[in-house]
There are 2 protein chains.
Amino acid sequence: MPYPAKLTAEKILKVALELFERGGPDALAMRPLADALGVRPSSFYRYYPERAALLGALEAHATSKLHDAICRAAYGKAPDAAFFAAAYSYLDYARAHPHLFALLLGPRAPYTAEPGPGKDLWNEVLGIVGAITGNSDDTAATVAFWAFLHGFALLERSGQFGVSGPKGGFERGLRALLEGFGVN
Amino acid sequence: MPYPAKLTAEKILKVALELFERGGPDALAMRPLADALGVRPSSFYRYYPERAALLGALEAHATSKLHDAICRAAYGKAPDAAFFAAAYSYLDYARAHPHLFALLLGPRAPYTAEPGPGKDLWNEVLGIVGAITGNSDDTAATVAFWAFLHGFALLERSGQFGVSGPKGGFERGLRALLEGFGVN
DNA sequence: GTCTATACTCTGATAGAC
DNA sequence: GTCTATCAGAGTATAGAC
């Protein structure tokens, strides 16, 4: 009977993404996902061998979207402006998609495409930072920049800091890094 | 019959800590915890109303230990030396206790003592940064410093970067911040 | 080749007896 | 204060219907 098949990997991923974006990891349960697809829970094990594979696919999606956002934000800008634009688009993504963002630097799971979209994202940021420091392969500075962006997004999400505190800290850190990268 | 009680909140926390440090959140399940305590799973709901409360207590413990480590590392040092010492002890804690560390800036849960040990830790770092910038209540710079430390620890743990990359990035970022804080 | 039915083991949590 | 008994829900494996 099932010609064409009711399920495809893409359809599953699309619905999984919706559930995950609203409710986070807890909302992405196999049974509700099956209900939303009009199917039985065991059905999509043909497409994703386990739940973690689904999460891995979501992480790849998030990485790709973040990459797109940063590319758009930095495109055609002078080095300093691109640096700030990339930073703010990173933060914007974390705010707009908190659950997907939380997937990004999680403890290393399987189902993480090592040389996948993560590599593209890295190279994009590497280029932006390189334009500032004058070293087109400045791994150390890129790591430092990335660490600051990611850490700040988490601090903000944790809610441990007031409203004014984090906001000022972002600008302050960015300017300090920019300044410091130029000097060293 | 049970006089004195077999359980106390401290005993439970101690065993929970052991399980959690070895195996992370998944290893802290109620039944194994009960077995380790020679007790039935339902028994410690008298002491911790739910599993999340136990995790909250572990987070408070982690915060307190990290605070101690940073205090010890920075004690009696000149501003710049204290800055680096605090940074490295933060990183060391993240490496030595990866699971506990992951609890630290998680999404805000209940059972998080808002004005608890977190406040002490914050004030300690605030003092260290203030000694550098000359402003004893430099919230923005402290947030920036903290964001960098936490982000770097996560980048490293994620394993997405080679061995040499992150290492150099830590020093690079710290020096850039130190430099930039002085200038701005 | 695709999906369903069923069942198994695990989880956190609760009610009430002792 | 701890027990027994039980619950609903999770992820997953397998056999077989179509």
Side-chain angles (χ1 to χ4, degrees), chain A residues 1-59 99 102-103 106-112, chain B residues 1-60 99-100 102-103 106-112:
Chain A
M1 223 205 285
Y3 291 106
K6 296 161 76 175
L7 292 174
T8 62
E10 289 72 26
K11 260 198 261 190
I12 296 171
L13 190 60
K14 179 171 172 290
V15 176
L17 181 63
E18 286 166 11
L19 289 178
F20 189 84
E21 286 241 52
R22 310 198 197 297
D26 293 353
L28 182 52
M30 303 311 249
R31 268 163 261 246
L33 179 60
D35 291 348
L37 284 158
V39 131
R40 292 305 180 170
S42 51
S43 299
F44 34 58
Y45 281 86
R46 301 262 163 214
Y47 301 87
Y48 295 93
E50 58 187 13
R51 199 182 93 107
L54 215 38
L55 290 173
L58 289 180
E59 180 189 349
H99 294 125
L103 243 38
R108 222 66 238 119
Y111 305 111
T112 313
Chain B
M1 225 204 286
Y3 291 107
K6 298 160 76 173
L7 293 175
T8 62
E10 290 73 27
K11 258 197 264 190
I12 296 171
L13 190 60
K14 180 171 170 291
V15 176
L17 181 64
E18 287 166 10
L19 289 178
F20 189 84
E21 287 240 50
R22 312 198 196 296
D26 293 354
L28 182 53
M30 303 309 249
R31 267 161 263 247
L33 180 60
D35 290 349
L37 284 159
V39 132
R40 292 304 181 167
S42 53
S43 298
F44 34 58
Y45 282 86
R46 296 265 164 214
Y47 301 87
Y48 295 93
E50 57 187 16
R51 199 184 92 108
L54 214 39
L55 289 173
L58 289 179
E59 180 189 349
H99 295 125
L100 281 174
L103 242 37
R108 222 66 238 117
Y111 304 110
T112 313

Worksheet entry | Distance-only donor-acceptor test, A:Arg31 side-chain atoms vs D:dA10 base atoms, 3.5 Å | yes
Worksheet item: Are OP1 or OP2 of D:dT4 and a side-chain N or O of B:Arg40 less than 4.0 angstrom apart?
Response: yes
Worksheet entry | Check: B:His99 and B:Leu58 side chains under 4.5 Å, non-hydrogen atoms | no
Worksheet entry | Heavy-atom donor-acceptor pair, A:Tyr47 side chain to A:Leu7 backbone, under 3.5 Å | yes
Practice prompt. Could you check how far CG of A:Asp35 sits from P of C:dT4, rounded to whole Å?
Written response: 11 Å
Worksheet item: Is there side-chain contact between A:Met30 and A:Tyr45, with at least one heavy-atom pair below 4.5 Å?
Response: yes
Worksheet item: Once you round it to whole Å, what is the distance between C1' of D:dA10 and CZ of A:Phe44?
Response: 13 Å
Discussion item. Using OP1 and OP2 only, check whether a side-chain N or O of B:Tyr47 sits under 4.0 Å from D:dT2.
Written reply: yes
Worksheet item: How long is the line joining CG of A:Leu7 and P of C:dC3, in whole Å?
Response: 5 Å
Item to complete: Could you check if a side-chain atom of B:Leu54 sits within less than 4.5 angstrom of a side-chain atom of B:Phe44, using non-hydrogen atoms only?
Response: no
Worksheet item: Are any side-chain N or O atoms of A:Lys11 and backbone N or O atoms of A:Leu37, one a donor and one an acceptor, separated by less than 3.5 Å?
Response: no
Worksheet entry | Carboxylate-amine/guanidinium proximity below 4.0 Å for A:Glu18 and A:Arg22 | no
Worksheet item: Hey, does the side chain of B:Tyr45 come within less than 4.0 Å of D:dT2's phosphate (OP1/OP2), counting only N and O?
Response: no
Response to the item:
In terms of heavy-atom contacts, B:Ala34 and B:Arg40 come closest through CB-C, 3.7 Å
Worksheet entry | D:dT4 phosphate, OP1 or OP2, under 4.0 Å from B:Ser42 side-chain N/O | no
Item to complete: Measure from CZ on B:Arg51 to C1' on D:dG9 and round the result to the nearest Å.
Response: 15 Å
Discussion item. Can you identify which nucleotide, out of D:dT12, C:dG16, C:dT4, has its nearest atom closest to the A:Glu50 side chain?
Written reply: D:dT12
Worksheet entry | Atom-to-atom span, CZ of B:Arg46 to C1' of C:dC18 - whole angstrom | 13 Å
Discussion item. Return whichever of A:Pro32 or B:Pro41 has its heavy-atom-nearest nucleotide of DNA chain D closer to the 5' end.
Written reply: B:Pro41
Worksheet item: Taking all atoms of both residues into account, what is the closest heavy-atom pair of A:Leu55 and A:Phe20, and its distance?
Response: CD2-CE1, 3.9 Å
Practice prompt. Take the C1' atoms of the five end pairs on each side of the helix from C:dG1-D:dC18 to C:dC18-D:dG1, derive the two axes, and give their angle rounded to 10 degrees.
Written response: 10°
Discussion item. Quick check on contacts: within residues 14-30 of chain B, what sits under 4.0 Å from DNA chain C by heavy-atom distance?
Written reply: B:Leu28, B:Ala29, B:Met30
Item to complete: Whole angstrom is fine here: how far is it from CD1 in A:Ile12 over to C1' in C:dT2?
Response: 12 Å
Discussion item. Would you say A:Lys6 places a side-chain N or O within less than 4.0 Å of OP1 or OP2 belonging to D:dC18?
Written reply: no
Discussion item. Using every non-hydrogen atom in the two residues, find where B:Pro32 and B:Leu19 come nearest and quote the distance to one decimal.
Written reply: C-CD1, 4.3 Å
